[in-house]
Protein chains: 2
Amino acid sequence: MTSPRPSLDATQLGAYFALIEASSLLKHAVEQQLREAGDLSYVQFQLLATLGDSPAGSQRMTDLADGVVYSRSGLTYQAQTLEKRDLVTRTPSSDDERSTTVTITDEGRAVLARVFPGHIAVLDDLLFAPLSRSDVETLADILARARDHMRQTPPRSAAPRRSKKPAGTTDQAR
Amino acid sequence: MTSPRPSLDATQLGAYFALIEASSLLKHAVEQQLREAGDLSYVQFQLLATLGDSPAGSQRMTDLADGVVYSRSGLTYQAQTLEKRDLVTRTPSSDDERSTTVTITDEGRAVLARVFPGHIAVLDDLLFAPLSRSDVETLADILARARDHMRQTPPRSAAPRRSKKPAGTTDQAR
DNA sequence: TATTGTTATACTCTATAACTATA
DNA sequence: TATAGTTATAGAGTATAACAATA
């Protein structure tokens, strides 16, 4: 539906591989640092950081999930894990009794603070070191456009081309 | 040890987030497509594709692992999985009896072929659609530099700053 | 009836350590 | 002794479906 004889040219291939590999290597390094410095997985760090940046250090479960892709159950799992360590609290919302408000605790903020310096050091050493200031600007611009586009584009049945699945699989998006 | 008062400016933050988010969204979409079209995980696809591009469709386990980051046991696991589906074969190497040669089968190539069109369609729709030709070139250039740098840079103890670990954890790289 | 969230459950993946066999 | 690979095992993470409660 996109092209009759689908193929990528060398430049596109290069961009794709470089994107996957660079982000993979970076994430790997960052995850290791987060684990060592604060015993946090990347997702847990993202959740804490998101809460830390929020107005009252709070977010509804649903809003949190929007930012971090997850399935609801996956978010519940992570929230439980963080709550056990007293890094967040969960309380029923006052306005809507159905929803749960997640709030970062002082201890949660402390862990964030403990983890940040090393986190930034990894980024500096691994991602920014080989790039010029203008490289970083350009990168930010291009990738932000790509990201925004992906966010807008619903993962519709991307290519139903002879998928040949066991005829029992649902085609649901996300 | 990289900077006294570590922090990132807005542009750097933007580049970092955009990189993580864009790659995450893209990988997610691609994984879904690979799963639906060929029941492959991303790693499995990478392994098959790597073998498909290799001279005789073969690689030693160790060489395969180099390209796809893994722990040896993780690669063994994936190789077993692929072998069960007859997408690869594993045979002891003739020159060095210790090593195992992994080879893609005709059926493995067939799965690759079945999966490719949709794979490319996802990339076109999600990653390349919002970018100009020169964007893609620039992206490829910058990210390739970043990736090469990360490959060269050993994940040395990135930030031993008050890591406060249980005093039993090793600091080993990778 | 739709939405918010949790639970139960099953599965995939990754990593560590111990082990075998060859160089 | 070092290297190649496997096995056993354990743990983290993710997703699906069924469910309860509120709107």
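Keep in mind that the numbers below use all heavy atoms, side chains included, and drop hydrogens, waters and symmetry copies. The chains referred to below are lettered A, B, ... by the order of the sequence lines, with proteins before strands, and numbering in each begins at 1.
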To the nearest Å, give me how far apart [atom1] ([X]) and [atom2] ([N]) are.
X: D95(A); N: dT4(C); atom1: CG; atom2: P; answer: 12 Å
X: E83(A); N: dT6(C); atom1: CD; atom2: C1'; answer: 12 Å
X: Q46(A); N: dA12(D); atom1: CD; atom2: P; answer: 19 Å
X: E97(A); N: dA20(D); atom1: CD; atom2: C1'; answer: 14 Å
X: L40(B); N: dC13(C); atom1: CG; atom2: P; answer: 10 Å
X: D39(B); N: dT12(C); atom1: CG; atom2: P; answer: 9 Å
X: Q59(A); N: dT4(C); atom1: CD; atom2: P; answer: 14 Å
X: E31(B); N: dA15(D); atom1: CD; atom2: P; answer: 9 Å

With a 3.5 Å distance limit and no angle check, can you tell me whether [X] reaches the backbone of [Y] through a side-chain donor-acceptor pair?
X: Q12(A); Y: D9(A); value: yes
X: Q78(B); Y: L75(B); value: no
X: T153(B); Y: L126(A); value: no

Under 4.0 Å between a side-chain N/O of [X] and OP1 or OP2 of [N], yes or no?
X: S41(A); N: dG13(D); value: yes
X: H28(B); N: dA15(D); value: yes
X: S71(A); N: dA15(D); value: yes
X: R98(A); N: dA23(D); value: no
X: Q80(B); N: dT7(D); value: yes
X: R72(B); N: dA4(D); value: yes
X: Q78(A); N: dT14(D); value: yes
X: S99(A); N: dT4(C); value: no

For this session: Between R60(B) and S73(B), name the one whose nearest nucleotide on DNA chain D is closer to the 5' end.
Result: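 By nearest-heavy-atom nucleotide position, the 5'-most residue is R60(B).
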For this session: Would you kindly compare A79(B) and T81(A) by the position of their nearest DNA chain D nucleotide and give the one closer to the 5′ end?
Result: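 Its nearest nucleotide being more 5', the pick is A79(B).
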For this session: Assign Q44(A) to base, sugar-phosphate, or nothing according to its heavy-atom contacts below 4.0 angstrom with the strands shown.
Result: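 Touches sugar-phosphate only.
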Problem set entry | side-chain hydrogen bond (donor to acceptor under 3.5 Å, both in side chains), paired with T101(B), selected from S93(B), S58(B), S94(B) |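 Testing T101(B) for a side-chain hydrogen bond (donor to acceptor under 3.5 Å, both in side chains) against S93(B), S58(B), S94(B) leaves exactly one candidate, S93(B).
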In terms of side-chain heavy atoms of [X], which of [options] is nearest?
X: M61(A); options: dT6(C), dG5(D), dA23(D); result: dT6(C)
X: D96(B); options: dT22(D), dA23(C), dG5(D); result: dA23(C)
X: Y77(B); options: dT6(C), dT12(C), dT14(D); result: dT12(C)

For this session: Kindly assign one of parallel, tilted or perpendicular to the pair H119(B) and F45(B), based on the angle between their ring planes and the thresholds 30° and 60°.
Result: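 Because their plane-to-plane angle lies in the 30° to 60° range, the rings of H119(B) and F45(B) count as tilted.
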Exercise. How long is the span from the CG atom in L123(A) to the CG atom in L8(B), to the nearest 0.5 Å?
Worked result: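 Going from CG on L123(A) over to CG on L8(B), the span is 6.0 Å.
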